[in-house]
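First listed ligand is number 1; within each ligand, the first listed atom is number 1.
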Amino acid sequence: MPAPVRTPRRRTYLLCPPDHFAVEYSINPWMDPSAPVDTGLAGKQWSVLRDALVELGHEVHLLEPVPGLPDMVFAANGAFSVGGVVYGASFKYPQRAAEAAAHEAFYRTTPGWRYVPATEINEGEGDFAYLPGTGLALAGYGFRTHTTAHAQAQEALGCPVVSLRLTDPRFYHLDTALAPLDDHNVAYYPQAFSPGSRRVLAALFPDAVRADTADAYAFGLNLVSDGRHVLLPAEAAGMVDKLERAGYLPVPVDLGELKKAGGAVKCCVAELRR
Ligand code: ARG
């Protein structure tokens, strides 16, 4: 059977340039503060990602990078928005805590948003994903975001939140193990989830693109899709093939420097949903 025709939808994104990017501490298994990082190269790689999003016709907003916040390039972690409501982040580790206020200031000074501050630990779109076609939010827990934040997000956003347990520390955020491909479908790496959560994912997403271990270790799930074009790490060659076979159009980008902090494409991109 031929793969379905995939149609893109224009998106609005929030990114933050990696001007102060560094690996100065270790809060996930990918981070080694003794390994050298080329901030200039990180900036060039990030610019290619930003330009690709703009060339695809998407609207890109930028946050002003703050000195002393070396992980701020990972803009996905700053909040989670659905239908004009923004559920704020509350970071697990003190090293990143101040990033939440920078995101909050963006939403509070941009017209059209209602900002709901979080009292529970959660790292925004790092652990939350939204599928408009189903009305469901998916939410990860086990390493960063607490399940109490899943309940708080459900109250704030008014959409059902499906809790999924992450079990492999390399896949510490949901967005390292699962990504929406369009309004209904996802790609994911089953082994990153508990047995019960795997069953939930299999039931919800029978047509999912399933990643293998090589794809997942190459950050192949840390992707951004507009419904047709899928930006993902170039290293994830197996994922490129799988996505093509499913009718999507992969756009490989190299974010090798940012991977040293445990992040790739999706980590850099927050979607603004109104
Ligand atoms: N070094 C950052 C951290 O450990 C990487 C965050 C990656 N972001 C993401 N959305 N997965 O918090």
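Between F128 and H150, the ring centre distance stays below 6.0 Å.
Below 3.5 Å of separation, one finds an N or O of N28 facing an N or O of ligand 1. No N or O atom of N222 sits closer than 3.5 Å to an N or O atom of ligand 1.
Between atom 7 (C) of ligand 1 and the options G78, A76, C267, the minimum heavy-atom separation is to C267.
In the vicinity of A261, heavy-atom distances shorter than 4.0 Å reach the ligand 1 atoms 1 (N), 2 (C), 5 (C). The distance from ligand 1 to the heavy atoms of I27 drops below 4.0 Å at these ligand atoms: 3 (C), 4 (O), 12 (O). Close approach to G126 involves these atoms of ligand 1, each under 4.0 Å from a residue heavy atom: 10 (N).
For atom 2 (C) of ligand 1, the nearest non-hydrogen atom of the protein is D71 OD2, 3.3 Å. The single protein non-hydrogen atom nearest to atom 12 (O) of ligand 1 is R96 NH1, 2.7 Å, given as residue, atom name and distance. Protein heavy atom nearest atom 10 (N) of ligand 1, with residue, atom name and distance: D175 OD2, 2.6 Å.
The shortest separation from a heavy atom of Y172 to ligand 1 is under 4.0 Å, placing the residue in contact. At least one heavy atom of R144 sits closer than 4.0 Å to an atom of ligand 1.
Considering Y217, F193, Y188 as possible partners of F171, the one that fulfils the ring pair (Phe, Tyr, Trp, His ring centres under 6.0 Å) test is Y217. Tested against Y87 for a side-chain hydrogen bond (donor to acceptor under 3.5 Å, both in side chains), the candidates E120, E155, Q152 yield a single pass: Q152. Each of T176, N77, N122, T145 was compared with D127 under the side-chain hydrogen bond (donor to acceptor under 3.5 Å, both in side chains) criterion, and only T145 meets it.
When heavy-atom distances to ligand 1 are checked against a 4.0 Å cut-off, M31 comes that close only through its side chain, counted from C-beta outward.
Rounding to the nearest 0.5 angstrom, the gap separating the CD1 atom in I27 from the OH atom in Y25 is 5.0 Å.
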For this session: Begin with the C-alpha distance, continue with both residues' side-chain angles, and end with the deciding distance and a verdict on side chain to side chain donor-acceptor pair (under 3.5 Å) for R108 and Y115.
Result: CA-CA 7 Å; R108 291 210 191 268; Y115 188 88; over 6 Å; no
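Formation of a donor-acceptor pair under 3.5 Å by the T134 side chain with backbone atoms of H184 is not found in this model.
F143 and V161 fall into different hydrophobic clusters, defined by Ile, Leu, Val, Met, Phe, Trp and Tyr side-chain heavy atoms under 4.5 Å apart, directly or through other members.
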